[in-house]
Amino acid sequence: RILPLLVIVCIVLCGCGAQAPAQIAATTLPVYEFTCRITEGTGITVTRLVTESVSCLHDYSLNVSQVRAAEAAELIVISGAGMEDFMADLLESRPVVDCSAGIDLMESSHDHNHEEEEHDHEGHHHEEDPHIWLSPANAKIMAKNICTGLSTRYPEHREIFQQNLEFLLIDLDKLQAYGKEQLADLNCRELITFHDGFAYLAQSFDLTILEAVEEESGSEASAAELKHMIKEVRHHNLPAIFTEVLGSVSAAQIIAAETGVNVYPLDMAMQGESYFDAMYRNINTLKEALG
């Protein structure tokens with residue numbers, strides 16, 4: 001009686017043992033997905049740090065389990081370009097792969113103050129735009145940076161990394177080609193967006209963002225901004241305006257009510273399970289909205 005009981009106890013205790021921490025911690029969905037693709041077939045484990053549904057990391061902070069996962073990882077893969085400033089102290093003491101290396105960064109403009117009759121962009125705050133993955137061309141550079149970093153840390157898997165990278169680059173080329181084809185003959189190529197993060201997406205497919213308003217809790221669009229954007233919608237005869245799937249829609253709905261334009265959501269590809277699904281969905285949305 002005692003022996004079988006001891007066997008059962010041992011099995012239960014082994015099953016409840018702590019799981020080994022992942023070897024690589026990747027911060028956001030795009031770099032996590034790219035890292036998983038490149039490490040496929042090597043047995044290297046990868047965890048994603050930011051799993052919450054977020055479109056921006058301006059005010060983000062890691063919880064205890066996320067900090068532990070980052071500290072236990074042999075390598076941390078970050079998007080870079082300032083996206084992970086919220087964990088700068090942690091990154092100082094860890095080996096890091098910065099996926100933004102070698103990418104030409106665009107300037108980001110946080111536009112909150114339109115004068116009623118003047119629109120001279122005074123008082124804007126400019127910084128580098130970190131949303132680099134929304135360009136398939138940039139995503140290819142990011143993937144190559146990951147492959148290089150992994151090959152340095154795990155040289156025994158270099159050939160597998162390189163083979164996996166080639167398949168990933170093919171998929172990114174297909175994404176770019178699909179977007180170019182679908183968005184080649186749009187009736188309108190100008191956008192107003194209610195998130196200051198779609199510049200790389202627009203650049204990739206020869207679109208122009210007329211206005212990018214960053215709406216956050218406590219800093220919604222002012223009456224002057226709304227009046228200005230209504231004027232822009234009418235002046236450019238826009239068929240649609242765009243929000244972010246997790247962002248505020250209040251200002252967009254006011255403009256839609258005044259002008260009759262449709263409101264469509266675009267995805268920052270920071271949530272969900274697939275970067276590629278989000279990107280193809282964005283292309284199809286732009287096609288439908290601007291057709």
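- S53 meets the side chain to side chain contact (heavy atoms under 4.5 Å, CB included) test with L246, Q271; sequence neighbours excluded.
- With R94 contributing its side chain and I76 its backbone, the two residues share no donor-acceptor pair below 3.5 Å.
- Minimum heavy-atom separation, C56 to M270: N-CE, 4.5 Å.
- Judged as a ring-ring contact (aromatic ring centres under 6.0 Å, His included), and not counting sequence neighbours, Y32 has no contacts.
- Paired with D267 under the rule side chain to side chain contact (heavy atoms under 4.5 Å, CB included), one option of V245, L201, D277 passes, and it is V245.
- Pairs engaging residues 233-259 under the ring-ring contact (aromatic ring centres under 6.0 Å, His included) rule: none recorded [sequence neighbours left out].
- Judged as a side-chain hydrogen bond (donor to acceptor under 3.5 Å, both in side chains), and not counting sequence neighbours, R48 has no contacts.
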Run the side-chain contact (heavy atoms from CB on, under 4.5 Å) check on L150 and V97 step by step: do they pass? CA-CA 8 Å; L150 292 173; V97 174; 6.0 Å; no
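- Residues satisfying the side chain to side chain contact (heavy atoms under 4.5 Å, CB included) test with N237, not counting sequence neighbours, are none.
- A distance-only check finds a donor-acceptor pair linking the side chain of E214 to the backbone of D196 [under 3.5 Å].
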Give the table of side-chain donor-acceptor pairs shorter than 3.5 Å for residues 252-266, with sequence neighbours excluded, one pair per line with atom names and distance.
{"from": "T259", "atom 1": "OG1", "to": "I255", "atom 2": "O", "distance (Å)": "2.7"}
{"from": "T259", "atom 1": "OG1", "to": "V261", "atom 2": "N", "distance (Å)": "3.4"}

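- With sequence neighbours excluded, the residues that form a side-chain hydrogen bond (donor to acceptor under 3.5 Å, both in side chains) with S250 are S248.
- The side chain to side chain contact (heavy atoms under 4.5 Å, CB included) check on D104 picks up nothing, with sequence neighbours excluded.
- With rounding to the nearest 0.5 Å, the separation of CG in L286 from CG in L186 is 7.5 Å.
- Between the OH atom in Y275 and the CZ atom in F34 there is a gap of 4.5 Å [rounded to 0.5 Å].
- Considering all non-hydrogen atoms of both residues, L169 and A143 come closest at CD2-CB, 4.4 Å.
- Every residue meeting the ring-ring contact (aromatic ring centres under 6.0 Å, His included) condition with Y280, not counting sequence neighbours, appears here in chain and number order: Y178.
- Summarising the local packing, CZ of R189 is surrounded by more than 12 heavy atoms from other residues, nucleotides or ligands at distances under 6.0 Å.
- The two atoms that bring Q66 and T51 nearest to each other are NE2-N, 4.4 Å, heavy atoms only.
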As a quick check of understanding, evaluate side-chain contact (heavy atoms from CB on, under 4.5 Å) for Q162 and C147, giving each step before the final call. CA-CA 7 Å; Q162 189 61 45; C147 185; 3.9 Å; yes
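- Looking at heavy atoms from C-beta onward, F194 lies in side-chain contact with I192 at the 4.5 angstrom threshold.
- For the ring-ring contact (aromatic ring centres under 6.0 Å, His included) test, no residue two or more places apart in sequence or in another chain qualifies with F167.
- Every side-chain hydrogen bond (donor to acceptor under 3.5 Å, both in side chains) that H131 has, sequence neighbours left out, goes to D129.
- Between the W133 side chain and the M142 main chain, no donor and acceptor come within less than 3.5 Å of each other.
- Closest approach of V50 to L57, counting heavy atoms only: CG1-CD2, 4.0 Å.
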Assess the residue pair S135 and S204 against the criterion (side-chain hydrogen bond (donor to acceptor under 3.5 Å, both in side chains)); give the C-alpha distance rounded to whole Å, side-chain angles, the decisive distance to 0.1 Å, and a yes or no. CA-CA 6 Å; S135 157; S204 295; 3.3 Å; yes
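- Taking each heavy atom of T45 and A22 in turn, the nearest pair found is OG1-CA, 3.3 Å.
- Salt-bridge annotation for E74 and R153: present, with a side-chain N of the basic residue lying under 4.0 Å from a carboxylate O of the acidic one.
- Not a single donor-acceptor pair under 3.5 Å links the side chain of Q163 to the backbone N or O of I160.
- For E273, the CD atom sits in a loose shell: 12 or fewer heavy atoms of surrounding residues, nucleotides or ligands are nearer than 6.0 Å.
- Under the rule for a side chain to side chain contact (heavy atoms under 4.5 Å, CB included), the partners of D171 that lie at least two apart in sequence or sit in another chain are R37, K174, F276.
- Within a 6.0 Å sphere centred on CD of E156, other residues, nucleotides and ligands contribute more than 12 heavy atoms.
- Minimum heavy-atom separation, V31 to C99: CG1-SG, 3.7 Å.
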